[in-house]
Amino acid sequence: MKKRIFTAITIILCICFCFSGCDFTLLSAEELIRPPKISGEISSLQKAFESTVNKEFVQMKTPINGDDRSSYFILDIDRDGNDDGFVFYSDPSIDEFARVAVFRHDGNEWKSVSVIVGLAEEIYEVGFNDINGDGNYEVLISWTTLNPDSASNETLTLIGSRILTLYKFNNSAMTLLRTENFTKMYVSDFNGDGADDIFLSTVRISNDSNRTRGRIVTFNKDCSVNLDESFSLIGMLDIVSIISDSVKLHGEQYTRIYVDGVLSDAAFVTDVVECSNSDGKLSFPLHSEESGELPVTARSSKIYSFDINFDGKIEVPTLMELPFSKRIDENSEQEDNTLNLVIWSNLNGQDFVPVFKTLYNKSDNYYFIFEDDWVSKITAVYNANSSSLVFYSVKNGVIADKLFSIMTFSKSDWNSDNYDYDLLFDSDAYVYGYKYEQNDFISKQTVKDNFVTIS
């Protein structure tokens, strides 16, 4: 179980370090139509596509966000046994907009169906989801612009500058069903009817206002809108993650949606929306706080909500000071301050129930799992100048005996003089060593088991 938790923490922190943007590469004018060599059906789709465009000008486009960053997508949209193909590109000789060429395989070869001109220069994300529960896929294409002014008006700026277009694939034709502006989107079955629903969030800001809103849109069998409900969320500067789980509340099944975002330059926050599977009624368990108070989920570390222990329930991270702890930094003008534990908690009604704690050392890229019964009995002192984290016992309200220490070394320092530290972990960037003092609180094996790097 701990190995699975270690893996989960590593994934989360890798994501967290990238929360402010995505690493992606746009093709230059010199890197025109030829993507990396591909084979099989995609290769034949590529040849069919190239026969329909001017290869001298075309640039391939890949989604900025999402699990699949390919320019080519192949799947059987309408489940008729024949594959459908989607190719994303742009043609600067015509205009600056991204495009999608739609193809259909007739059993022998690819046939061009249509070309859709996008609403911006880049493709943000591509999804194929069954929004009406008929067993066929609808096509969700999100477009984004690199020019933030294009999503502004006189008073408010839409953060993210993204536009969703929702298409129905019918008789080889793409029919536009809906167009929406959004900051962050999440698609899942919120009401338990077996069809995918859409959660759209928007953050609009100006010099003196911040409007953060969410919308849940569900659809009927004919793709007409069944429910379109808009609501306010905790005010954020940006929304960076949306995730959901299923919970039982008041004897009924609900989908609980967790929205993580930037509260301020120094704070991160999670809001929660609950959707009843029986009637679609929405509730907001964190919206009962007094106006002006910081939300209970506000935290300084940019860490996302996640199912940290793989029990099927999402845990929300919050922070608490580690009693008697200290951070020392001789090069900082700030006064020495305490260290924080990251508490991973489940939401129960309007209260959070802790399930897991970690001591997060952002400076040296690792976590140390902090057992529940250590709080008030064990503390730590981090020295930023020596990259050392020393754990102590606490007795009668004061720091007592040294238990063990963890030190971060460069490769060269470790090889030349490891200061009698035993090897804990050897990463690409650093070597982590530990020095154990015999004690009755923590065993050597626990030190090894509870240490995990995040890079």
Original post:
Would the Y137 and F169 ring centres measure less than 6.0 Å apart?
Top reply: no
Original post:
Quick one: are the ring centres of F404 and Y436 less than 6.0 Å apart?
Top reply: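 Between F404 and Y436, the centre distance exceeds or equals 6.0 Å.
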When you check the gap from the basic side-chain N to the acidic O, do [X] and [Y] get nearer than 4.0 Å?
X: R178; Y: D228; answer: yes
X: R215; Y: E180; answer: yes
X: K435; Y: D420; answer: no

Original post:
Can you check side chain to side chain contact (heavy atoms under 4.5 Å, CB included) on V390 and K402, steps first, answer last?
Top reply: CA-CA 7 Å; V390 184; K402 181 188 289 188; 3.7 Å; yes
Donor-acceptor under 3.5 Å ([X] side chain, [Y] main chain):
X: D196; Y: S188; answer: no
X: N346; Y: I314; answer: yes
X: D245; Y: K313; answer: no

Subject >> Criterion salt bridge (Lys or Arg N to Asp or Glu O under 4.0 Å) against D260, the qualifying member of R299, K302, K184 >> reply: R299
**OP:** Taking atom types as modelled, find out whether T446 and N450 have a side-chain donor-acceptor pair closer than 3.5 angstrom.
**Re:** no
Subject >> Heavy atoms of other groups near D373 CG, more than 12 under 6.0 Å >> reply: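 Count over threshold, so yes.
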Original post:
Just checking, R162 and Y124: is the charged tip under 6.0 Å from the six-membered ring centre and within 45° of the axis?
Top reply: yes
Subject >> I64 versus R69, closest heavy-atom pair with distance >> reply: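 Of all heavy-atom pairs spanning I64 and R69, the closest is O-NH1, 2.9 Å.
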Subject >> Mutual orientation of the aromatic rings belonging to F73 and F88 [parallel < 30°, tilted 30-60°, perpendicular > 60°] >> reply: perpendicular
**OP:** Measure up the F199 and F190 rings against each other and bin them: parallel (under 30°), tilted (30 to 60°), perpendicular (over 60°).
**Re:** perpendicular
**OP:** Determine, step by step, whether I378 and Y392 satisfy the side chain to side chain contact (heavy atoms under 4.5 Å, CB included) criterion, reporting the C-alpha distance in whole Å, the side-chain angles of both residues, the deciding distance to 0.1 Å, and the verdict.
**Re:** CA-CA 6 Å; I378 295 175; Y392 296 90; over 6 Å; no
